[in-house]
Amino acid sequence: MSYPHLEIEQKWQKYWADNKTFFVSDDTSGERAYVLDMFPYPSAQGLHVGHPEGYTATDIYSRYLRMNGVNVLHPMGFDAFGLPAENYAIKVGKNPKEVTAQNIDNFRRQIKSLGFSYDWLREVDTSSPEYYKWTQWLFLKFYEKGLAYQKSAPVNWCPGCQTVLANEQVVAGECERCHSVVEQKQMKQWFFKITDYTEKLLQGLDGPPAGGLDWPTPILEMQKNWIGKSEGAEVDFKIVIPAEAGIQKQNDLSVKVFTTRLDTIFGATYLVLAPEHSLVASLLENHELRITNHEEVENYLIETKKKTELDRKIESKEKTGVKLEGITAINPASGEEIPVFVADYILMSYGTGAIMAVPAHDARDFEFAKKFNLPIKRVVEPKFVLTDGDAAFRTNEEIIKRNAVCAIVFNPKNNKYLCVSWRAFQMHGLVTGGVEEGEDIVEAAKREVYEETGYKNVKLTRDPQFALHTFFYHRVKKQNRWARFQYLFFELENEERDDITETENNLHEVLWLTKEELKKFFSVAEGEFTLNFLNDPYYIHTGDGLLHNSGEFDNLDSTEAKVKIAKKIGAEFKTQYRLRDWLISRQRYWGAPIPIIYCDECGTQPVPEITLPVVLPVDVDFRPTGESPLTRSKTFHDVKCPKCGAKARRESDTMDTFVDSSWYFLRYCDPQNSAKIFDEGKVAKWCPVNFYVGGAEHAVLHLLYARFFTKVLFDLGLVNFSEPFLKLRNQGLILGEDGQKMSKSRGNVVNPDEIVEKYGADTLRLYEMFMGPLEDVKPWQSKSISGVRRFLDRVFVLVSEDELITTSDVKLGEIKVWQAKTIKKVTSDIKNFHFNTAISALMEYVNFLYTVPVGEERKLAVKNLIILLAPFAPHLSAEVWESLGEKNMVWEQTWPSVDEMVLKNLTVVVAVQVNGKLRGTIEVSPEVGEDEVVTMAKKLSVIEKYLESGEIVKTIYVAGRLVNFVVK
RNA sequence: GGGCGAGUGGCGGAACUGGCAUACGCGCUAGCUUCAGGUGCUAGUGCCCGCAAGGGAUUGAGGGUUCAACUCCCUCCUCGCCCACCA
C-alpha cells in the first residue's frame, strides 16, 4: 500500500498558502521565538540536498513550538548579490538581475515543495533596491561614526582578465579563468573598522558556562583564533652603522619589534624585518647609509613581491631571507650587536612587521638560524616541581641549590642507553649526579658514570648547552633540593668496567635500554625532555621556564622576568590581534553600490540619505575589463557634488555580499518598511534570534560580521541587544553515495526535486533527519530512503485500517505505557535537536501499534501518534488527521504531555551480573527494595550455579538498574 | 606545522550522568502472499564454538583506574574539518 504523496502534498501546500497558516503577526501576545535558517545564495544549480537538512530541523522545531503555544517567527529569504550570479550571467549572456530572479523563483518553488512553515510575507531579497537601500544607509551610519574609511590595500590583480579577483578565484597563484600569474596591486579600498570591536567580539566566546553564547564549541574556538589575541610587548632596537663605514654613527634610527616572549630577549641573536617594512625601503634609498649588498636585497624584494599569498603558504617549509650588510642592531637587554635580516616569514600586517629572533626558543627562528648559520643561545630552561610522593618538594623548608649533570651514555655497538634503576624508590632514569665545588662538569659526569655503573671509558660527543631545573626532596640526603641538570652526550668507547662498590650496588641496578624501552622506563617528568633530545638532537624549548644567560634576570621565572625586563629596558606592554579591518570594496557589478561621491573641490562626500538608494543601473556592460563596470555607466558615474553642485563622480565599487547578510535577520522583523531600516519596537519584540541553523562554513566570516553589525547597531541605539544569535547549531555536510563531497564533476549529486517526485517531501524531510545526528557529516544512501517511505506507508495503513492488522496478543494495557514513553522521548529529542532518535521512537511506536487489535483504544493511540508525527511529516499528518474526521487541523493541536503516573508504576528489568558479566535479568516493580531484589537475584537458577562455586565478596546494587555479585 | 573533532555489525547509526553494547533503519536469509516481482506480510540476522540449551571473545590498537569502561586517564594508529610563517 503506497499513499498518494503528490496529491496530498500539493493539497496541503496550497491550503497553507491560501490560508496564510504560518504567517505570524507582530501584535500577538504570549511567548515568542525567532527560529532562523541561514538564507541561501540562489545559485543556478538549484537547491542542494544539504539545504533541506537545516531547513527541516528548524521547521520541525518551529512546528513543535507552535503546538506548544509559542508565536514563532520563521522566515526565509535570499542572499542574492554576488560573484557567481555575475559570472553565470556573463556565461549565458544575460543580465545578473534577470538570472537572479530566475534562480530565486526556482529556489522558492523548491523550498515550498518541501512544506516548510515559513512566513513568506516576510521574504527578503538582498539584491532588491528596497533592501539594499538600507544596506547603503547602514554604510552611511558607519561612515558617520568613522567605522567606514578608505585606505590603500593590495588586491589580487589578474593582468590577463584586467580585473581584480576574489581570493577564491586565485588557484595556485593563477587566475582560475585565464591562468595568468596573479599580481598584488595597491588600490584604494573601503574598510569597515571591525578592529574597534575586537574586545567586544571576544566577549561571549567562552560559551554558556561562562555566560556566553550557546554555540558549538569549535565555532567559538575558530572565532577566538580568528581574532587571535596575544599579549606581549614592543621593544625598540637601535640600528647602528659601524664606524669603519666612514659615515657618522646614527643614533636616531631604530626598529620597533613585537614579542610575546620578552623573557627570551637575551637570546635574541638577530633581527628580522618584513620585506615591506618602511626601514628597508628607506635604507635602500638613503645613499648616505647605503647598505653594502643593496643589489642582493633589492633582488630579494622583487622576488618576494612576485609571490602571492598562496606561494608563501606552499613555501612556508623553506625559509628565505637576506642579510642587510653594513648595519647591525643593538639588543637592548644584552647590549650585543646583532645582524639584521629581511625575510618574508615576517608579515608586515602583524605586529610591527619586525621581530627579534630567538632561535633557541622559537621553531621558525630556529629554522632560519640553522639555514643562515646564526648563533643559537639558550636562555630559558624548563622547570619541574615534584608535587607527589616522598620526593615532593617541600615549600616551607630550606632550599639547597645544586649544579648537577645528566649523562646520556650511548653504546654504538647495540644502540642502547645506560640507565639506572633505584632499588629503594620507584625512580628510573639516566646517570645523574651533583657537580662538586670547582669540578668541571664533564669530569663530574664521567666520575658519576664510573661510580654508579663502573664504566671507565666514555667520551663526550656533544654538549647541547641545555639544562633543566628540578625541585624535589632528596630522600637519601634528606634535603630539599633545587637541582640544575646539565645534559651531556657521551659514547661508550669500550666495555671495560670495574666492579662498583657494594654501597652503590645496593642503591641501584645498572641497565642498558633501547630508545623504545626508555619510553616506558622513565619515571621522572624530565624523562620527557631526555626523549625529546634522543628524537631531535637540536631540541629547542619553546615553553616557559627559568632564565639563564640573562644577566641580573637569571633564575627568574618567565612570567616575572617579562615584567622586570620590560621595566629595565623600557619596553611597553601591548596586545596584538590577528583580526584586521574588513575590506568591503569589490570592483564588481552585482552588489550594492557604495553610496559615496567624489568631488574635486569637496573631496569624499556621502550620498545624502534622502536620495537613497543609489540604484544599480541595468544598462551596464558588466563584463570585466579592468575597471569597475559601474564606471562605464555615464548616467551612474557622472553626478553632481551633493555639497557644492560641481561636477563629481560616484564611487564605482560595490560592497562585499557579507555586508548584505550581516543584518538580514533584522529586516525580517519589519520587511516592508519603506521609511526606516526597521521599526525598533518590532525588532525588540522578536530579536535576538533564539535558534540559528546553518553550515559550519560560515563559522567565522558571516557569523563574526553579523555580531559586529549587531554591536554597532547597539551603539547606534537601533537595537537593544548586542548578540544576534543566542543559540547556534550547524548541520553536517551530506556526502554523495560514494562518501565523497557531492559535485557535478563526480556525478554524485542528488537532486531534491527527484526525491520529492518519487517519494514525497515528507519522505525527504524524514530521511534527512533520520540519517544521523544533525551536526555529523553523513553519506547519502538511496536504499535507506525506502525504509523511511515504508514507515510513512505503514502510518497511512494504520490510520485507514484498510488492512486489518491484529495479532493473537491483546496489548491494550501497554498502550498507555507506549504512549507516555514515546511522548517523553520525542519531546526531549526535539528540544535537543536529536531528530534521528525521535524518528526511531516513532517507528517503534508504529511497530507496536501494529500488534494492537483495532478498536477505540488503538484509535486514540493513533491520533496521538499523528500529533507527534505532525512536525516531521506535516503533509501526511494533515491528511490522515483530516480523514479521522477531526474538526481542527493537526498543526493546531496542543502538543501532548507525558502521563508520568503511568511511567512511575512501570516494572523495571534489573540486570543480574556475576563479576560484571550479565547472567540474567529479573523484573521487579519500582518500589521493591534492595534486599528483596538481591534475594530474588540470588534465587535465579543461572545465578545459583555461579554462587555455589565461589563466595560472594561484594554485592553492588544500582536501583532499577542492576545487581552485581563479585564472586571469588 | 598548529587547533578541533571522530573511529561501534556488511552499511547509516543507538547507548541518559561509568551500569544489560549493537535500539531504529538499510541490506541479507527463509517462509507466506502474488500470474509475476525491484510489492506487501511474517520470522531470523554482529562474530566464533554448538543441532540446541548454552558458552566465549568483541566498540581503531595497546595499557591503566573501577565491582563495572563505547563512556574516564595515558601511549599509539587512522580518518575528517578548520587555520596556516600571527612573533
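The chains referred to below are lettered A, B, ... by the order of the sequence lines, with proteins before strands, and numbering in each begins at 1. All values reported here derive from a predicted model rather than from experimental measurement.
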Participant: May I ask you to say whether A/Lys229 pairs ionically with A/Glu199, meaning some side-chain N is under 4.0 Å from a carboxylate O?
Facilitator: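 Salt bridge between A/Lys229 and A/Glu199, a charged N being under 4.0 Å from a carboxylate O: yes.
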Participant: Is there side-chain contact between A/Pro332 and A/Asp236, with heavy atoms separated by less than 4.5 Å?
Facilitator: no
Participant: Take the protein atom CZ of A/Phe258 and the nucleotide atom P of B/C85, then report the distance between them rounded to whole Å.
Facilitator: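 A/Phe258 atom CZ is separated from B/C85 atom P by 17 Å.
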Participant: Taking the inter-plane angle between the rings of A/Tyr845 and A/Phe848 on a 0 to 90° scale, is it parallel (under 30°), tilted (30 to 60°) or perpendicular (over 60°)?
Facilitator: parallel
Participant: From B/G19, B/G3, B/G25, pick the nucleotide closest to the side chain of A/Asn847?
Facilitator: B/G25
Participant: Using the C1' atom in both, what is the distance from B/U22 to B/G46, to the nearest Å?
Facilitator: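 Result for the C1' pair: 7 Å, nearest Å.
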Participant: Taking the ring of A/Phe770 and the ring of A/Phe791, is the distance between their centroids below 6.0 Å?
Facilitator: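 When the ring centroids of A/Phe791 and A/Phe770 are compared, they turn out to be at least 6.0 Å apart.
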Participant: Once you apply a heavy-atom cut-off of 4.0 Å, does A/Asp362 come out as touching a base, just sugar-phosphate, or nothing?
Facilitator: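 No contact.
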Participant: For the pair made of CG in A/Leu842 and P in B/A14, what is the distance, rounded to whole Å?
Facilitator: 16 Å
Participant: Which whole-number value in Å describes the distance from A/Glu221 CD to B/A84 P?
Facilitator: 16 Å
Participant: Whether A/Asn832 contacts B/C16 is assessed here as follows: a side-chain N or O lying under 4.0 Å from the phosphate OP1 or OP2. Is that the case?
Facilitator: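 No, A/Asn832 has no side-chain N/O under 4.0 Å of OP1/OP2 on B/C16.
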Participant: Considering only B/G19, B/A87, B/C41, which nucleotide approaches the side chain of A/Arg794 most closely?
Facilitator: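 Looking only at side-chain atoms, A/Arg794 lies closest to B/C41.
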Participant: Any idea which of B/A68, B/A87, B/G25 is nearest the A/Asn964 side chain?
Facilitator: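 Looking only at heavy atoms from C-beta outward on A/Asn964, the closest nucleotide is B/A68.
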Participant: Under 4.0 Å between a side-chain nitrogen and a carboxylate oxygen: does that hold for A/Lys256 and A/Glu572?
Facilitator: no
Participant: For the P atoms, the ones on B/U58 and on B/C70, what distance do you get once it is rounded to whole angstrom?
Facilitator: 10 Å
Participant: Using the C1' atom as the reference point in each nucleotide, state the distance between B/G12 and B/C51 in Å, no decimals.
Facilitator: 35 Å
Participant: Please state the P separation for the pair B/U59 and B/G54 - nearest whole angstrom.
Facilitator: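 One P to the other, the span is 24 Å.
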Participant: Is the glycosidic torsion of B/G9 within 90° of 0, making it syn, or is it anti?
Facilitator: syn
Participant: OP1 or OP2 of B/C4 sitting under 4.0 Å from any side-chain N/O of A/Thr217?
Facilitator: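 A/Thr217 to B/C4 OP1/OP2: no side-chain N or O under 4.0 Å.
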Participant: A/Lys229 NZ to B/A87 C1': how many Å, rounded?
Facilitator: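 Taking atom C1' of B/A87 as the reference, NZ of A/Lys229 is at 18 Å.
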Participant: Using heavy atoms to find the nearest nucleotide of RNA chain B for A/Gln576 and A/Val788 separately, return the residue whose nucleotide is more 5′.
Facilitator: A/Val788
Participant: Using both distances under 3.5 Å as the test, list the Watson-Crick or G-U wobble partner of B/C70, or none.
Facilitator: none
Participant: Checking base pairs now: Watson-Crick or wobble, both atom distances under 3.5 Å. What partners B/U59?
Facilitator: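 Across any shown strand, B/U59 pairs with none.
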Participant: Give the nucleotide from the list B/C85, B/C82, B/G27 with an atom nearest to the side chain of A/Asp344.
Facilitator: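 So the side chain of A/Asp344 is nearest to B/C85.
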Participant: Does a nitrogen or oxygen in the side chain of A/Arg578 sit under 4.0 Å from OP1 or OP2 of B/A84?
Facilitator: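 Yes, A/Arg578 has a side-chain N/O under 4.0 Å of OP1/OP2 on B/A84.
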Participant: Classify the side chain of A/Arg790 and the base of B/C26 as holding, or not holding, a donor-acceptor pair under 3.5 Å.
Facilitator: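 No such pair is found, so the answer is no.
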Participant: Which base sits across from B/G37 as a Watson-Crick or G-U pair, both distances under 3.5 Å?
Facilitator: none
Participant: Indicate yes or no: at least one non-hydrogen side-chain atom of A/His277 is less than 4.5 angstrom from one of A/Met348.
Facilitator: yes
Participant: In terms of side-chain geometry, is the basic nitrogen of A/Asp365 or A/Arg261 positioned less than 4.0 Å from the acidic oxygen of its partner?
Facilitator: no
Participant: In the structure shown, which nucleotide is the Watson-Crick or G-U wobble counterpart of B/C16, with both distances under 3.5 Å?
Facilitator: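 Base partner found: none.
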Participant: Using the six-membered ring wherever Trp is involved, compare the ring planes of A/Trp780 and A/Tyr767 and label them parallel, tilted or perpendicular (cut-offs 30° and 60°).
Facilitator: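 A/Trp780 vs A/Tyr767 ring planes: perpendicular.
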Participant: Are the charged groups of A/Lys224 and A/Asp206 less than 4.0 angstrom apart, N to O?
Facilitator: yes
Participant: If pairing requires Watson-Crick or G-U wobble contacts with both distances under 3.5 Å, which nucleotide is the partner of B/G80?
Facilitator: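 Pairing partner, where one exists within any strand: B/C4.
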Participant: Sticking with atom P, work out how far B/C4 lies from B/G9, rounded to a whole angstrom.
Facilitator: 27 Å
Participant: Could you check whether A/Thr352 gets within reach of a base, just the sugar-phosphate, or nothing at all, counting any heavy atom under 4.0 Å?
Facilitator: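 A/Thr352: no heavy atom of the nucleic acid under 4.0 Å.
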Participant: Please name the nucleotide paired to B/U42 by Watson-Crick or G-U wobble geometry with both distances under 3.5 Å, or report none.
Facilitator: B/A30
Participant: For A/Lys821 and B/A23, give me the distance from atom NZ to atom P, rounded to whole Å.
Facilitator: 15 Å
Participant: List the protein contact pattern of nucleotides 45-50 of chain B with one symbol per nucleotide (5' to 3'): B for base contact, S for sugar-phosphate-only contact, - for none; contact means a heavy-atom distance under 4.0 Å.
Facilitator: ------
Participant: Using purine N1 to pyrimidine N3 plus N6-O4 or O6-N4 for Watson-Crick, or N1-O2 and O6-N3 for G-U wobble, both under 3.5 Å, which nucleotide pairs with B/A52?
Facilitator: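 WC or wobble partner does not exist here.
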Participant: According to the interplanar angle, ranging from 0 to 90°, do the rings of A/Tyr705 and A/Trp582 count as parallel (below 30°), tilted (30 to 60°) or perpendicular (above 60°)?
Facilitator: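 Taking A/Trp582 first and then A/Tyr705, their aromatic rings lie parallel (interplane angle under 30°).
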Participant: State whether A/Lys574 and A/Glu231 are salt-bridged, where the test is any N-O pair (Lys NZ or Arg NE/NH1/NH2 against Asp/Glu carboxylate O) under 4.0 Å.
Facilitator: no
Participant: If you compare every side-chain N and O of A/Arg961 against the phosphate oxygens of B/A68 (OP1, OP2), does one of them come in below 4.0 Å?
Facilitator: no
Participant: Distance check, C1' atoms only: B/C77 and B/A23, in whole angstrom units.
Facilitator: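 Nearest-Å result for B/C77 against B/A23 at atom C1': 30 Å.
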Participant: Considering only side-chain heavy atoms of A/Thr837, which listed nucleotide, B/A14, B/C24, B/G19, is closest?
Facilitator: B/A14
Participant: Heavy atoms, side chains only, cut-off 4.5 Å: are A/Val953 and A/Phe965 in contact?
Facilitator: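 No; the side chains remain at least 4.5 Å from each other.
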Participant: Looking only at atom C1', what distance separates B/A61 and B/G25, rounded to whole Å?
Facilitator: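 Roughly 30 Å separates the two C1' atoms.
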Participant: Where do A/Lys778 and A/Glu53 land on the salt bridge (Lys or Arg N to Asp or Glu O under 4.0 Å) test, with the steps shown first?
Facilitator: CA-CA 11 Å; A/Lys778 9 181 208 294; A/Glu53 191 189 7; 2.7 Å; yes
Participant: Which residue lies toward the 5' end of RNA chain B, A/Ser840 or A/Arg919, if each is placed at its nearest nucleotide?
Facilitator: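 Nearer the 5' end of the strand: A/Ser840.
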Participant: Taking CH2 from A/Trp818 and P from B/C24, how many angstroms apart are they, rounded to a whole number?
Facilitator: 8 Å
Participant: Considering just the side-chain nitrogens and oxygens of A/Lys917, establish if one lies under 4.0 Å of OP1 or OP2 belonging to B/A57.
Facilitator: yes
Participant: When you measure from the side chain of A/Ile355, which nucleotide among B/C85, B/A87, B/C20 comes out closest?
Facilitator: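 Among B/C85, B/A87, B/C20, the one nearest the side chain of A/Ile355 is B/A87.
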Participant: What pairs with A/Phe833 under ring-ring contact (aromatic ring centres under 6.0 Å, His included), at least two apart in sequence or on another chain?
Facilitator: A/Tyr61, A/Phe691, A/Phe835
Participant: Send over the distance from A/Asn915 CG to B/A69 P, rounded to a whole Å.
Facilitator: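 Answer to the nearest Å: 11 Å.
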Participant: Given the C1' atoms of B/C26 and B/A14, what is the spacing between them in whole Å?
Facilitator: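 That atom pair is separated by 15 Å.
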Participant: Heavy atoms under 4.0 Å is the rule here; annotate nucleotides 6-13 of chain B 5' to 3' with B where the base is hit, S where only the sugar-phosphate is, and - elsewhere.
Facilitator: -----SBS
Participant: Touch check for A/Val909, heavy atoms < 4.0 angstrom, all strands: base, sugar-phosphate only, or nothing?
Facilitator: base
Participant: Students often get this wrong, so: under 4.0 angstrom with heavy atoms, is A/Glu697 touching a base, only sugar-phosphate, or nothing?
Facilitator: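 The residue A/Glu697 makes no contact with any strand.
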Participant: Roughly how many Å is it from NZ in A/Lys783 to P in B/U39, rounded to a whole number?
Facilitator: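 Roughly 11 Å, once rounded to whole Å.
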